[in-house]
Amino acid sequence: MTKLRSPGKVYLVGAGPGDPGLLTLKGKECLEQADIVLYDYLANPVLLQYAPATAQRIYVGRRGRGQYQDQTDINRLLIERAKEGNVVVRLKGGDPFVFGRGGEEAEAVSAGGVDFEVVPGVTAAVAVPAYAGIPVTHRTLASTVTFVTGHEDPSKLGTQLEWPKLASASGTLVFMMGMKNLPTIARQLLSEGRSPDTPVAAIRWGTKADQQTIVGTLKDIVGKTEAAHLEPPTAIVIGEVVRLRGQLNWFETKPLFGKRIVLTRPQKQAREFSQLLSGYGAEPVEVPTIQIVPPASWQAIDDAVTRLGTYHWLIFTSVNGVRPFMERLHVARKDVRALAHLRLCAIGPRTAQELGTYGLTSDVVPTQYQAEGVIAALADAGVRGNHILIPRAEVAREILPEQLRELGATVDVIPVYRTIAPGVDAASLTKQFYDGQLAAVTFTSSSTVRNFVEVFGGRDAAKSLVARVVIACIGPITARTAEEYGLTVTIMPAENTVPALADAIVKHFKEVA
């Protein structure tokens, strides 16, 4: 999409029901070009990461209870900011036009003379029941589905809901945001002749780690939800399809369902880990405590590139070192042919895979994916008299170059990236820790540990913060760093890889269940 500047434009974007993976591709594209994002209570704030860092983020949350921003103020903001020449994204939970006031906002924007587009979202009316194992239609059980608002506009003189028709409908009824009025809904349907034994499911925070499903019938669902203290936001499904939940409950039976797990690795590298954990039913909470940035100067690596012919080995100790090295090779007007005489060593399979994207095959990948493994592998290969280049982080363990020198090699260690601590919303995450919303914290390098401790106020504060959660480390070096800060490490895989770490987390929570 081409970004419009003058005049501005409003995109009414459906954020989906909560699971960030349910955002549409077009919705993501809109966020990527936004100057301003207005988001509400039901839009997962994780989606804001797709907006540029320079984009203004404005919370205009609306809730069924308590204080909320007046709709006229939201409409005014949309119009005023767009007329200033901005691309404004109105990020709305679910679908903008399914009980989301999107129609009202589109009317206001249109009347204000502002160009706009509507980007449909995955509606909670369908997705939330699906995540609870309930199809809203079924060939033998329900040929129709009716979406009903759970609370009508209080300014109306009377209800517009036709209760006799709703009660006699043979298909599925889905009441959105109806928790507050559930007693009225059940009473009205029963009084109009609906069977007291009609199955009902009330689903809170569907598609998220908080998802909670209460199943009953029209005659007892109110008592069951009250006993469970079920609160909004809740979708209510009424009909025979609810009986299928016993067989089709796929989401809540995943091994990590209900677990929020903190990922501290750099944002660009967290994707694989997030996907693995999500696949197991967890809700990843990405809190990158390190950010990969260029070194203060490229001079050292540029000089090394000019004398590549003098080296025998090129060793990569992290996936992070591959791209900057290859980019500096390109800047020097060289390509992979300049590496033809070199033997390549990758510290682990993920680093070897990254080299493979450039058409390079690693000669050595140790069985132990850390510096000690590289040392053992190169000792077997014989490096005495060899000249070795190690492009790596500016700050790292010195054991590898020191041990290689003891083996008789000449070693040049050249920084090709640095790790810094990015900005973290420490207050929000601290509250989640103390409210018991988080199940585990993961560390994939010593840097992630050190920066986590720094961000959260030092050794004692960090230790207190994570006292009630499980700590998982990718390998013994990272675990040792965590323990040096007084953190108790519970999970460590046998293999120093992200997939192995994810599997170890699953195994742990299965064992303690």
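The first residue in the sequence is number 1, and the count goes up from there.
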- Query: Do NZ/NE/NH1/NH2 and the carboxylate oxygens of Lys9 and Glu117 come within less than 4.0 Å?
  - Reply: yes
- Message: Let's go through Glu252 and Arg245 carefully: what are the C-alpha distance in whole Å and the side-chain angles of both, what is the deciding distance for salt bridge (Lys or Arg N to Asp or Glu O under 4.0 Å) to 0.1 Å, and is it a yes or a no?
- Response: CA-CA 11 Å; Glu252 295 173 27; Arg245 170 175 160 80; 2.9 Å; yes
- Message: Taking Gly178's backbone N and O only, do any of them form a donor-acceptor pair with Asn181's side chain (distance below 3.5 Å, no angle check)?
- Response: no
- Message: Let me confirm one number: the CD1-CG distance from Ile477 to Asn496, rounded to the nearest 0.5 Å.
- Response: 8.5 Å
- Message: Checking Thr217 against Asp220: is there a side-chain donor and acceptor pair closer than 3.5 Å?
- Response: yes
- Query: Can you tell if the side chain of Lys92 reaches within under 4.5 Å of the side chain of Leu42, non-hydrogen atoms only?
  - Reply: no
- Do other residues, nucleotides or ligands put more than 12 heavy atoms under 6.0 Å from Lys463 NZ? no
- Message: Quick check on the 6.0 Å ring-centre criterion: do Phe257 and Phe251 meet it?
- Response: yes
- OH-CZ distance between Tyr485 and Arg450, expressed to the nearest 0.5 angstrom: 6.0 Å
- Task: Could you tell me whether the side chain of Leu256 reaches within less than 4.5 Å of the side chain of Leu277, counting heavy atoms only?
- Result: yes
- Under the 3.5 angstrom rule, does the side chain of Gln211 hit a backbone N or O of Thr207 as a donor-acceptor pair? yes
- Task: Report yes if the side chains of Gln212 and Leu230 come closer than 4.5 Å at any heavy-atom pair, otherwise no.
- Result: yes
- Query: Does one side chain, of Tyr11 or Gln33, offer a donor that lies under 3.5 Å from an acceptor on the other?
  - Reply: yes
- Query: Thr149 versus Met177: any side-chain heavy-atom pair under 4.5 Å?
  - Reply: no
- Task: Quick one: pull up CD1 in Ile474 and OG in Ser445 and give me the separation to the nearest 0.5 Å.
- Result: 8.5 Å
- Message: For the backbone of Val114 and the side chain of Lys83, can you confirm whether one donor and one acceptor N or O come within less than 3.5 Å of each other?
- Response: no
- Message: Between the side chains of Lys208 and Asp19, is the shortest nitrogen-to-carboxylate-oxygen separation below 4.0 Å, so that they form an ion pair?
- Response: no
- Heavy-atom donor-acceptor pair, Glu283 side chain to Arg260 backbone, under 3.5 Å: no
- Item | Gap separating the CD1 atom of Ile74 from the CZ atom of Arg90, nearest 0.5 angstrom | 5.0 Å
- Task: Specify the closest pair of heavy atoms between Asn44 and Pro20, including all atoms of both residues, with the distance to one decimal.
- Result: ND2-CD, 3.6 Å
- Taking NZ, NE, NH1 and NH2 as the nitrogens, is one of them in Glu454 or Arg459 under 4.0 Å from a carboxylate oxygen of the other? no
- SB check Arg265 Glu286 (cutoff 4.0 Å): no
- Message: Could you check whether Glu240 pairs with Arg243 (Lys NZ or Arg NE/NH1/NH2 to Asp/Glu carboxylate O, under 4.0 Å)?
- Response: yes
- Item | Residues Glu354, Arg350; criterion salt bridge (Lys or Arg N to Asp or Glu O under 4.0 Å); working and verdict | CA-CA 6 Å; Glu354 184 70 12; Arg350 182 64 188 88; 3.6 Å; yes
- Test item: Lys28 side-chain N/O and Leu23 main-chain N/O as donor-acceptor pair under 3.5 Å: no
- Task: Find out whether Ser464 and Tyr434 are in side-chain contact, i.e. whether some heavy atom of one side chain is under 4.5 Å from a heavy atom of the other.
- Result: yes
- Distance-only, no hydrogens or angles: does the Thr497 side chain make a donor-acceptor pair with backbone N or O of Ala500 under 3.5 Å? yes
- Task: Just do the side-chain contact (heavy atoms from CB on, under 4.5 Å) check on Leu38 and Leu91 with the steps written out, would you?
- Result: CA-CA 6 Å; Leu38 279 67; Leu91 191 63; over 6 Å; no
- Start with the C-alpha distance between Phe147 and Phe99, add both sets of side-chain angles, then the distance that settles ring-ring contact (aromatic ring centres under 6.0 Å, His included), and finish with yes or no. CA-CA 9 Å; Phe147 300 146; Phe99 304 132; 7.5 Å; no
- Distance-only, no hydrogens or angles: does the Asp40 side chain make a donor-acceptor pair with backbone N or O of Ala43 under 3.5 Å? yes
- Task: Could you walk me through whether Arg81 and Gln56 pass the side-chain hydrogen bond (donor to acceptor under 3.5 Å, both in side chains) test, one step at a time?
- Result: CA-CA 11 Å; Arg81 297 303 176 90; Gln56 184 180 7; 2.9 Å; yes
- Message: Run the side-chain hydrogen bond (donor to acceptor under 3.5 Å, both in side chains) test on Tyr280 and Asp503 for me, step by step, so that the C-alpha distance in whole Å, both residues' side-chain angles and the decisive distance to 0.1 Å come before the verdict.
- Response: CA-CA 9 Å; Tyr280 287 124; Asp503 289 342; 2.6 Å; yes
- Give, for atom CZ of Arg418 and atom CD1 of Ile290, the distance between the pair rounded to the nearest 0.5 Å. 13.0 Å
- Heavy-atom side-chain proximity of Ile134 to Leu248 below 4.5 angstrom: no
- Quick one: do Tyr417 and Val293 satisfy side-chain contact (heavy atoms from CB on, under 4.5 Å)? Show the steps, please. CA-CA 6 Å; Tyr417 68 94; Val293 298; over 6 Å; no
- Query: Between Thr253 (side chain) and Trp250 (backbone), is there a donor-acceptor pair under 3.5 Å?
  - Reply: yes
- Message: Using side-chain contact (heavy atoms from CB on, under 4.5 Å), reason through Leu429 and Val285 one step at a time and then give a plain yes or no.
- Response: CA-CA 9 Å; Leu429 197 69; Val285 180; 4.1 Å; yes
- Query: Does CZ in Arg271 sit with more than 12 non-hydrogen atoms of other residues, nucleotides or ligands closer than 6.0 Å?
  - Reply: no
- Between the CD1 atom in Ile221 and the OG1 atom in Thr198, the distance rounded to the nearest 0.5 Å is 12.0 Å
- Residues, nucleotides or ligands: over 12 heavy atoms within 6.0 Å of Arg323 CZ: no
- Item | Test item: Thr419 side-chain N/O and Ile292 main-chain N/O as donor-acceptor pair under 3.5 Å | no
- Evaluate the ring-ring contact (aromatic ring centres under 6.0 Å, His included) criterion for residues Phe443 and Phe452: first the C-alpha distance (whole Å), next the side-chain angles of each, then the deciding distance (0.1 Å), finally the verdict. CA-CA 9 Å; Phe443 297 110; Phe452 179 89; 5.3 Å; yes
- Where the side chain of Asp35 meets the backbone of Asn86, is there a donor-acceptor pair that is under 3.5 Å apart? no
- Under a 4.0 Å N-O cut-off, is there an ion pair linking Arg480 with Glu484? no
- Salt bridge flag under 4.0 Å for residues Arg76 and Glu80: yes
- Measure up the Trp163 and Phe175 rings against each other and bin them: parallel (under 30°), tilted (30 to 60°), perpendicular (over 60°). parallel
- In sequence, state the C-alpha distance, the side-chain angles, and the governing distance for Ile185 and Ile238, and then conclude on side-chain contact (heavy atoms from CB on, under 4.5 Å). CA-CA 10 Å; Ile185 292 168; Ile238 301 173; 4.2 Å; yes
- Message: Would you say that Thr172 contacts Val237 through its side chain, given a criterion of any heavy-atom pair below 4.5 Å between the two side chains?
- Response: yes
- With side chains defined as the heavy atoms from C-beta onward, is the minimum distance between Tyr131 and Thr213 less than 4.5 Å? no
- Message: Could you tell me if Gln267 and Gln291 have a donor-acceptor pair between their side chains, going purely by distance under 3.5 Å?
- Response: no
